[in-house]
Amino acid sequence: MPLENIENDAKTRGSVFAVAPMMDWTDRHCRMFHRQFSARALLYTEMVTTGAVIHGDREKLLGFSAGEHPVACQLGGSDPRELADAAKIAEDRGYDEINLNVGCPSDRVQSGRFGACLMLEPELVAEGVAAMKAAVRVPVTVKCRIGVDEQDPEEALDRLADRVVEAGVDALWVHARKAWLQGLSPKENRDIPPLDYGRVHRLKARLPGLFIGINGGIATLDEAMAVMQGLDGVMLGRAAYHDPALMGEVDRRIYGETTADVSPRAAIEAYVPYIEAELARGTRLSHITRHMLGAFAAVPGARLFRRILTVEGVKPGAGIEVLFAALTALDEAAARAAEHADARPAGGAVAQA
């Protein structure tokens, strides 16, 4: 679904919910698993560099299943011509949106002159956006920070936003923290710089016609719905990955659908045909099931479920029976927990024989 259609829909039915692009996490198997929880959430690839897209194994980098739509491709790069070429390749592969990474603070992206360091070069970002807009018909969006290092977030974010709006950007997703390129690791940059949701809301007030989504530090769907008020979208990263069950409520609570919420068990059962097809193609079971380890957080048997998948799932030739064994262990743990609860009298002490 093109983002302009999503945006128009958001104005009448609510905002967009997206799962953030996350390196080493949001691969095609992860996205297909997340899709089982929500038919409407906007999913993102891991960041792929323009050079890799242009010169590398495109099927490995950009391959995805039709069931993932709507799905966006996030690019890392700064050369306008390369961005245009990579965007066209991604569009030809069927992606619904092209997103430019202006937020990742790792040393690798800094050395390659892309990611968060581009907050210091808004004119170059705008050139890249304009080049991609000229090359593709799908929406072109930007994901950024509110600033880097000693930048004033008020001036830095406004300047970037103004430049990309002039270039025709379709949406701006803002991680509501600064990134410190010097002195903090990528992991520390996810937690240490303070959140400033108000800065994103002030940007929306100044640019009401621009689709603006918010990201950063949002742990639950309740928090997401509160933070996104007055904005066009909300994006969750680690929370959605480690507790995918929260996405089972997204279609009802965010989009107003009347469909029933999707439980982790229902999502996994719906995912089984995909797993079986991937196993037949030679994909290792652990490459798929590693994304579902958090599906049953705080449920009796969750630890055993994870242990079976992590220990047995990595063995050569591991098949779908490992997943079924993990689910059976979960069911047995739930039954034991229920029996234990039934054995307790109203006062809480265990009944004596």
Please set out all donor-acceptor pairs under 3.5 angstrom arising from side-chain atoms of residues 313-325, sequence neighbours excluded.
| from | atom 1 | to | atom 2 | distance (Å) |
| --- | --- | --- | --- | --- |
| K315 | NZ | E312 | OE1 | 3.0 |
| K315 | NZ | E312 | OE2 | 3.3 |
| E321 | OE2 | G319 | N | 3.1 |

**Report entry** Parallel, tilted or perpendicular: rings of F33 and F37 (30°, 60°)
**Finding:**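 Perpendicular: the ring planes of F37 and F33 meet at over 60°.
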
Requested in this report: Please work out which of the three classes, parallel, tilted or perpendicular, describes the rings of H29 and H291, given edges at 30° and 60°.
Outcome: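 Ring orientation of H291 relative to H29: tilted.
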
Quick one: pull up [atom1] in [X] and [atom2] in [Y] and give me the separation to the nearest 0.5 Å.
X: M228; Y: M235; atom1: CE; atom2: CE; value: 11.5 Å
X: L309; Y: I288; atom1: CG; atom2: CD1; value: 11.5 Å
X: L231; Y: L172; atom1: CG; atom2: CG; value: 11.0 Å
X: L285; Y: E276; atom1: CG; atom2: CD; value: 11.0 Å
X: C144; Y: N99; atom1: SG; atom2: CG; value: 9.5 Å
X: L327; Y: E332; atom1: CG; atom2: CD; value: 11.0 Å

Can [X] and [Y] be counted as having a side-chain donor-acceptor contact under 3.5 angstrom?
X: E97; Y: Y44; value: yes
X: H34; Y: Y241; value: no
X: T259; Y: D251; value: no
X: D170; Y: T141; value: no

Checking [X] side chain against [Y] main chain: does a donor-acceptor pair fall under 3.5 Å?
X: E223; Y: A219; result: yes
X: K178; Y: P194; result: no
X: D96; Y: A72; result: no
X: R252; Y: D261; result: no
X: R307; Y: T310; result: no
X: S78; Y: R113; result: yes
X: D149; Y: L181; result: yes
X: T45; Y: Q74; result: yes
X: N101; Y: C104; result: yes
X: E121; Y: C117; result: no

Would you say the side chain of [Y] lies within less than 4.5 Å of the side chain of [X], judging by non-hydrogen atoms?
X: N215; Y: W173; value: no
X: I275; Y: M292; value: yes
X: L83; Y: L100; value: yes
X: S65; Y: Y274; value: yes
X: F64; Y: V71; value: yes
X: R159; Y: E123; value: yes
X: T49; Y: F114; value: yes
X: V125; Y: R163; value: no

Quick one: list whatever passes ring-ring contact (aromatic ring centres under 6.0 Å, His included) with [X], sequence neighbours left out.
X: H287; answer: none
X: H201; answer: none
X: Y197; answer: none

**Report entry** side-chain contact (heavy atoms from CB on, under 4.5 Å) partners of A135, counting only residues at least two apart
**Finding:**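 Expected list: A84.
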
Query raised in the report: What residues form a side-chain contact (heavy atoms from CB on, under 4.5 Å) with A302, not counting sequence neighbours?
Result: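 Only F296, R306 meet the side-chain contact (heavy atoms from CB on, under 4.5 Å) criterion with A302.
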
Requested in this report: Sequence neighbours left out, what passes salt bridge (Lys or Arg N to Asp or Glu O under 4.0 Å) with E68? Give chain and number order.
Outcome: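 Expected list: R31.
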
Query - Pairs meeting criterion salt bridge (Lys or Arg N to Asp or Glu O under 4.0 Å) with involvement of residues 72-88, two or more places apart - result: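 Checked against salt bridge (Lys or Arg N to Asp or Glu O under 4.0 Å) - neighbours excluded - the pairs reaching residues 72-88 are K88-D92.
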
Query raised in the report: Is there a side-chain contact (heavy atoms from CB on, under 4.5 Å) between V16 and V234 once you walk through the steps?
Result: CA-CA 6 Å; V16 175; V234 64; over 6 Å; no

[X]: partners by side chain to side chain donor-acceptor pair (under 3.5 Å), with sequence neighbours left out:
X: D331; result: R265
X: E46; result: none
X: R284; result: none
X: E154; result: R199, R202

Report task. Show the numbers, then the answer: is there a salt bridge (charged side-chain N to carboxylate O under 4.0 Å, His left out) between R206 and D158? Result -> CA-CA 9 Å; R206 195 175 70 84; D158 279 352; 3.1 Å; yes

Report task. Please lay out, stage by stage, how F17 and L221 fare under the test side-chain contact (heavy atoms from CB on, under 4.5 Å). Result -> CA-CA 10 Å; F17 178 93; L221 203 54; 3.9 Å; yes

Query raised in the report: Considering all heavy atoms of both residues, which atom of V129 and which atom of G168 are nearest to each other, and what is their separation?
Result: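 Heavy-atom minimum between the residues: CG1-C, 4.5 Å.
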
Requested in this report: Report the C-alpha separation of R40 and V250 in whole Å, then their side-chain angles, then the decisive distance to 0.1 Å, and conclude whether the side-chain contact (heavy atoms from CB on, under 4.5 Å) test is met.
Outcome: CA-CA 8 Å; R40 302 197 62 186; V250 161; 6.0 Å; no

Query raised in the report: Is there a salt bridge (charged side-chain N to carboxylate O under 4.0 Å, His left out) between R93 and E59 once you walk through the steps?
Result: CA-CA 9 Å; R93 301 285 304 199; E59 177 57 30; 2.4 Å; yes

Query raised in the report: Y95 and V138: side-chain contact (heavy atoms from CB on, under 4.5 Å), yes or no, with the steps?
Result: CA-CA 8 Å; Y95 282 94; V138 297; over 6 Å; no

Query raised in the report: In terms of hydrophobic clusters joined by side-chain contacts under 4.5 Å, are L330 and V311 together?
Result: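 Not linked; separate clusters.
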
Query raised in the report: salt bridge (charged side-chain N to carboxylate O under 4.0 Å, His left out) between K60 and D27: does it pass, once the steps are laid out?
Result: CA-CA 10 Å; K60 180 179 179 180; D27 63 17; over 6 Å; no

Query raised in the report: So among T220, D222, L236, which one has a side-chain contact (heavy atoms from CB on, under 4.5 Å) with L246?
Result: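 Answer to the side-chain contact (heavy atoms from CB on, under 4.5 Å) test with L246 among T220, D222, L236: L236.
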
